[in-house]
There are 2 protein chains.
Amino acid sequence: MLHAMQDSPSLLRSRGLRATEPRKQVIAALSCGSVPRSPQEIFEAVEGAVNLVTVYRMLEDMEKAGLVHRHHPTGKFVLCPMPEQKGHHGFLHCVRCGKTEEFMEPALCKIENTIAKRAGFTPVSHLSAIDGHCAACR
Amino acid sequence: MLHAMQDSPSLLRSRGLRATEPRKQVIAALSCGSVPRSPQEIFEAVEGAVNLVTVYRMLEDMEKAGLVHRHHPTGKFVLCPMPEQKGHHGFLHCVRCGKTEEFMEPALCKIENTIAKRAGFTPVSHLSAIDGHCAACR
DNA sequence: ATTAGTGCAAATTCTTTGCACCCTA
DNA sequence: TAGGGTGCAAAGAATTTGCACTAAT
C-alpha cells in the first residue's frame, strides 16, 4: 500500500492511466488504513477536492486497470497491494474495525478449480471474502 | 429448487414466515431456471402481481431466514437449495447464461479457516463465488 | 496539439420509510 | 382477532449521462 502512496504517478502510468491530481488524491485516500471505502466515503476523505462523479468514473477505470478491487459483499473499494500478480485475490475483512487485507493462496485456487471442473464449469475468475475479527478486535 | 416450488408454503412456515400469496409467487419466480434475479427482475417475472417495495422487504426477510442468498458480485438473489444445512455456501456462476448453482465444500472451508488463522483473524463467515462457463455454454 | 480526464447540472435508477388496510394462522 | 404482511405514495440514496472545459503527454 505504501509503495502506491509514495509513487502513485508511476503506478498509474504503468497501467496506462495519466497521473492526474485527482487520481493521486484518491489513491492517497485509499492507501490510508486498509479499509474499503465507498465512492461517497472517498469523496469525503478528499474533502470534496475531487468531484463525486469523477470518483465514480475513476474507480471504474482503476478497477479495469487492476489497481483497485471491489470488496464484496460491501461493494467498497480497496487498493490492490499487488497489481502485477495474476491469479485469485481474496479478502480478509474484519467486521468490527473494517480493516481488510488481501491474500493470494494457490491452494484455494486449486480447490475452486476442482469444484468448478466437477460441475462441468470452466472457471474464469474467483472471488472469496472471509469475514471475521482481526487480531486487534478479538 | 423444485421442492421449493412444489411446496413453498411449508418451506416458508418451517422458517417462521407466513405462507402468503405474494411470497409463493416470488419463490416460484426464483425457482425457475437457477438464475440469480434482482428485485426489479423478480417484480417483472411476476408481472407486477407483487409490489416492488414488497419484493424488497420480502427478500430481506427471506434472506434473514436463510431461504434465499445474495449472489456476489452481482448482488442478485437465488433460492437456497439447502436451507437446512449449515456452513459455507458457495456459488458457481456462468457468465454467459447466468445459470448459478450453489455448492458446499468442507475442504474449501478448511483452507479458508487456515488462511484466516494465519493472519490472526477469527473467521465468522465466508463467501465464495466462482465465475466461468457452464457445460452448455462452453 | 491531442485526447484523456474532469466538473457541473440534471436525469435515472435503486432502495427505504410511513402509514393505513388486509389476510394468514 | 391479533399481528405479520402488503400496497401506495413519497422521500432519500446511489449511480449514470451529456457536454463543455482543462490539463497531462
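Computation of the quantities below employed the complete heavy-atom set of this structure, encompassing side-chain atoms and omitting hydrogens, waters and symmetry-equivalent molecules. Throughout, protein chains are lettered first and strands after them, A, B, ... in sequence-line order, and every chain is numbered starting at 1. Because the structure is predicted, anything quoted here is derived from the model rather than measured.
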Does the base of dG7(C) carry an N or O that pairs as donor and acceptor with the side chain of Arg57(A) under 3.5 Å?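 By the distance-only test, yes, there is a pair.
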
Could you state the atom-to-atom distance from [atom1] of [X] to [atom2] of [N] in whole Å?
| X | N | atom1 | atom2 | answer |
| --- | --- | --- | --- | --- |
| Phe43(B) | dT15(C) | CZ | P | 14 Å |
| Glu63(B) | dT15(C) | CD | C1' | 14 Å |
| Met62(B) | dG5(D) | CE | P | 12 Å |
| Met58(A) | dT16(D) | CE | P | 15 Å |
| Leu52(B) | dT13(C) | CG | C1' | 11 Å |
| Leu12(A) | dG5(C) | CG | C1' | 12 Å |
| Arg70(B) | dT15(C) | CZ | C1' | 11 Å |
| Glu41(A) | dA14(D) | CD | P | 10 Å |

Using a strict threshold of under 4.0 Å (side-chain N to carboxylate O), is an ion pair present between Lys110(B) and Glu112(B)?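 Looking at Lys110(B) together with Glu112(B), the answer is no, because their closest N to O distance does not fall below 4.0 Å.
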
Is there a side-chain contact between Asn51(A) and Phe43(A), using heavy atoms and a 4.5 Å cut-off?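 When only atoms from C-beta onward are counted, Phe43(A) and Asn51(A) do not touch, as no gap falls below 4.5 Å.
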
Are any of the side-chain heavy atoms of Lys76(A) and Arg70(A) separated by less than 4.5 Å?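 A side-chain contact is absent here, since even the closest heavy-atom pair is not under 4.5 Å.
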
Should [X] be listed as having a side-chain N or O under 4.0 Å from OP1 or OP2 of [N]?
| X | N | result |
| --- | --- | --- |
| Arg13(B) | dA25(C) | yes |
| Thr20(B) | dT24(C) | no |
| Asn51(B) | dC8(D) | yes |

Between Glu102(B) and His69(B), do the side chains contain a donor N or O and an acceptor N or O under 3.5 Å apart?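 Looking only at side-chain atoms, Glu102(B) and His69(B) do form a donor-acceptor pair, the distance falling under 3.5 Å.
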
Between Arg23(B) and Ser8(B), is any side-chain donor less than 3.5 angstrom from a side-chain acceptor? no

Go through the steps to decide whether Val35(A) and Glu41(A) satisfy the test side chain to side chain contact (heavy atoms under 4.5 Å, CB included), and finish with yes or no. CA-CA 11 Å; Val35(A) 180; Glu41(A) 287 166 344; over 6 Å; no

Which residue lies toward the 5' end of DNA chain C, Glu60(B) or Leu17(B), if each is placed at its nearest nucleotide?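 Mapping each residue to its closest nucleotide by heavy atoms, the 5'-most match is Glu60(B).
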
Taking for each residue the nucleotide of DNA chain D bearing the nearest heavy atom, is the 5' side occupied by Val53(B) or by Arg23(B)?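 Between the two, 5'-proximity favours Arg23(B).
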
Which comes earlier along DNA chain D counting from the 5' end, the contact point of Thr54(B) or that of Arg18(B), where each point is its nearest nucleotide? Arg18(B)

To the nearest 10 degrees, how far apart in direction are the end axes of the helix from dA1(C)-dT25(D) to dA25(C)-dT1(D), each fit to five base pairs?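 The end-segment axes of the helix from dA1(C)-dT25(D) to dA25(C)-dT1(D) are tilted 50° relative to each other.
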
Within the distance-only criterion (no hydrogens, no angle test), does the side chain of Ser125(B) pair as donor or acceptor with the backbone N or O of Pro123(B) below 3.5 angstrom? no

